[in-house]
Amino acid sequence: MPAPENKFKKRLLAGEVQIGCWLATGDDYVAEVMGTAGFDWLVVDGEHAPNDIRSLRAQLTALAASDSHPVVRVPVGHTRIIKQVLDIGAQTVLVPMVETAEQAAELVRDCRYAPAGRRGVGAALARASGFNAIPDYVGTANDQICLLVQVESVSGMQNVEEIASIDGVDGVFIGPADLATDMGFTGNADAPEVREVIRDGLAKIAAAGKAPGILAMKDEVARRYLDEGARFLAVGADIMLLATAARGLSAKWKS
């Protein structure tokens, strides 16, 4: 029995548009609720949300029955962290702050078993293999792991073509907020200068044969990114959805 097919990766490579949302509460019950909403993919955020390896695993378990594919964003692209995240069952990993092709190539190695990489072989103990219920997991897992690298700095965008050209990088996700800040436009990812860099970056990623991704919290911005070539697009976050709805309800009844 081989490793389960990564349908998100399959659709990504086919050029299909996939719409996602961020999970930042760090809570498996919220993740389970979000898994019923119909998103193609959900980012379980280990960078800016209050998560550890156990809470990430709990959210992956909560999403196991959902059609929404979980994408785990690690806090940093460290070999040890990526190894743990893959072993708890993540098939798609998003790594923040990637700035060079060399860094991207190292991340590819972290995600693959030897001889193509350096992922530690502990599958018999791992949720990823169904606790050894998938006998061919180690021999087939490499093809089903999806690596998304996040480019969100001036230097990263200057190297985006080289980063996207690395074999084993399946998609490149542009981080508008950090990019805008690094460009000197803190809090204003819609500044014309930032928009131009993003538009150029999306085109370069696609030209390299990889899937371009990005986050947009406003409908008009999301539509623009789709028109500019984004193929995996996040359009919201659980915390913001909850906060907006709660504040609106409170204001409605207190007015």
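Heavy-atom contacts from other residues, nucleotides or ligands closer than 6.0 Å to CG of Asp167 number 12 or fewer. Heavy-atom neighbours of Phe131 CZ from other residues, nucleotides or ligands within 6.0 Å: above the threshold of 12.
There is no side-chain donor-acceptor pair under 3.5 Å between Thr61 and Asp28. Residues Ser55 and Asn51 bring a donor and an acceptor atom of their side chains to less than 3.5 Å of each other. Between the side chains of Asp238 and Trp22, no donor-acceptor pair of N or O atoms lies under 3.5 Å. A donor-acceptor pair shorter than 3.5 Å can be found between the side chains of Thr79 and Asp110.
No continuous path of ILVMFWY side-chain contacts below 4.5 Å connects Met97 to Ile198, so the two sit in separate hydrophobic clusters. Taken together through direct or relayed side-chain contacts under 4.5 Å among Ile, Leu, Val, Met, Phe, Trp and Tyr, Val30 and Leu42 form part of one hydrophobic cluster. Placement of Val44 and Ile239 in two distinct hydrophobic clusters is found when ILVMFWY residues are connected by side-chain heavy-atom separations under 4.5 Å, directly or transitively. One hydrophobic cluster, built from ILVMFWY side chains closer than 4.5 Å, cannot hold both Leu215 and Val160; they sit in different ones. Tyr225 and Met240 sit in two unconnected hydrophobic clusters of ILVMFWY residues. Membership requires side-chain heavy atoms under 4.5 Å apart, directly or through other members.
Side-chain atoms of Arg109 never come within 3.5 Å of backbone atoms of Gly117 as a donor-acceptor pair (strictly under, hydrogens ignored). The main-chain N or O of Leu23 is never found under 3.5 Å from a side-chain atom of Asp45 such that the two would form a donor-acceptor pair. Between the Ser129 side chain and the Ala126 main chain, a donor and an acceptor come within less than 3.5 Å of each other. With Asn159 contributing its side chain and Glu162 its backbone, the two residues share no donor-acceptor pair below 3.5 Å. Here the side chain of Glu47 pairs no donor or acceptor atom with the backbone of Pro96 at under 3.5 angstrom. Put simply, the side chain of Thr181 gets close to the backbone of Ala177: a donor and an acceptor are under 3.5 Å apart. Side-chain atoms of Thr140 do not come within 3.5 Å of backbone N or O of Pro2 as any donor-acceptor pair. Between the side chain of Lys9 and the main chain of Thr92, no donor-acceptor pair closer than 3.5 Å is present. With hydrogens and angles ignored, the 3.5 Å screen pairs no side-chain donor or acceptor of Asp136 with any backbone N or O of Gly139.
Salt bridge absent: Glu16 and Arg231 never bring a charged side-chain N and a carboxylate O closer than 4.0 Å. Taking 4.0 Å as the cut-off between side-chain N and carboxylate O, Arg119 and Asp87 count as a salt-bridged pair. Using a 4.0 Å cut-off between a side-chain N of Lys or Arg and a carboxylate O of Asp or Glu, Arg195 and Glu228 do not qualify as a salt bridge. Under a 4.0 Å N-O distance rule, the pair Asp200/Lys204 qualifies as a salt bridge. At a threshold of 4.0 Å, the pair Glu220-Arg223 does not count as salt-bridged, since none of the basic side-chain nitrogens sits closer than that to a carboxylate oxygen.
Looking at Ile174 and Glu152, their side chains never come closer than 4.5 Å, going by heavy atoms from C-beta outward. For the pair Leu86/Ile82, a side-chain contact is recorded, criterion being any heavy-atom separation below 4.5 Å from C-beta on. Counting heavy atoms from C-beta on, the side chains of Val17 and Arg11 never come closer than 4.5 Å. Looking at Arg73 and His48, their side chains come closer than 4.5 Å, going by heavy atoms from C-beta outward. Taking 4.5 Å as the limit, every side-chain heavy atom of Val72 sits out of range of all side-chain heavy atoms of Leu94. Within the 4.5 Å cutoff, side-chain heavy atoms of Leu241 are placed close to those of Met34. Contact of the Leu242 side chain with the Arg247 side chain is not registered, since no non-hydrogen atoms from C-beta on lie closer than 4.5 Å. Within the 4.5 Å cutoff, the side chain of Met183 has heavy atoms near those of the Val197 side chain.
Ring orientation note: the planes of Phe232 and Phe173 are tilted relative to one another, at an angle of 30° to 60°. Ring geometry, Tyr137 versus Tyr113: the interplanar angle exceeds 60°, so the pair is classed perpendicular (tilted spans 30 to 60°).
A pairwise comparison of heavy atoms in Met157 and Leu179 identifies CG-CD1, 3.7 Å as the closest pair. In plain terms, the two heavy atoms of Ala141 and Ala3 that are nearest each other are CA-CB, 3.9 Å. The two atoms that bring Gly168 and Arg112 nearest to each other are CA-NH2, 3.3 Å, heavy atoms only. A pairwise comparison of heavy atoms in Gly175 and Gln150 identifies CA-NE2, 4.0 Å as the closest pair. The nearest pair of heavy atoms linking Ala128 to Ile134 is O-CD1, 4.0 Å. For the pair Val85 and Ile88, the tightest heavy-atom approach, listed with the atom from each and the gap, is O-CG1, 3.1 Å.
Annotation: the span from Ile205 atom CD1 to Glu161 atom CD amounts to 10.0 Å, rounded to 0.5 Å. Here the CD1 atom belonging to Ile19 is positioned 12.0 Å from the OG atom belonging to Ser68, to the nearest 0.5 angstrom. Going from atom CD of Gln91 over to atom CG of Leu60 covers 10.0 Å, rounded to the nearest 0.5 Å. Considering CD of Gln158 and OG of Ser153, their distance stands at 8.0 Å, rounded to 0.5 Å. Rounding to the nearest 0.5 angstrom, the gap separating the CD atom in Gln84 from the NE2 atom in His78 is 10.5 Å. The CG atom of Leu12 sits 6.5 Å away from the CG atom of Leu148 when rounded to the nearest 0.5 Å.
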Checking Ile214 against Leu233 for the side-chain contact (heavy atoms from CB on, under 4.5 Å) test, could you report, in this order, the C-alpha distance in whole Å, the side-chain angles of both residues, the deciding distance, and whether it holds?
CA-CA 5 Å; Ile214 198 164; Leu233 175 70; 3.6 Å; yes
Candidate pair His69 and Asn6, rule side-chain contact (heavy atoms from CB on, under 4.5 Å), full reasoning
CA-CA 9 Å; His69 182 81; Asn6 187 332; 3.3 Å; yes
Working note: Val108 + Leu147, criterion side-chain contact (heavy atoms from CB on, under 4.5 Å); need CA distance, chi angles, decisive distance, verdict.
CA-CA 7 Å; Val108 172; Leu147 174 61; 3.6 Å; yes
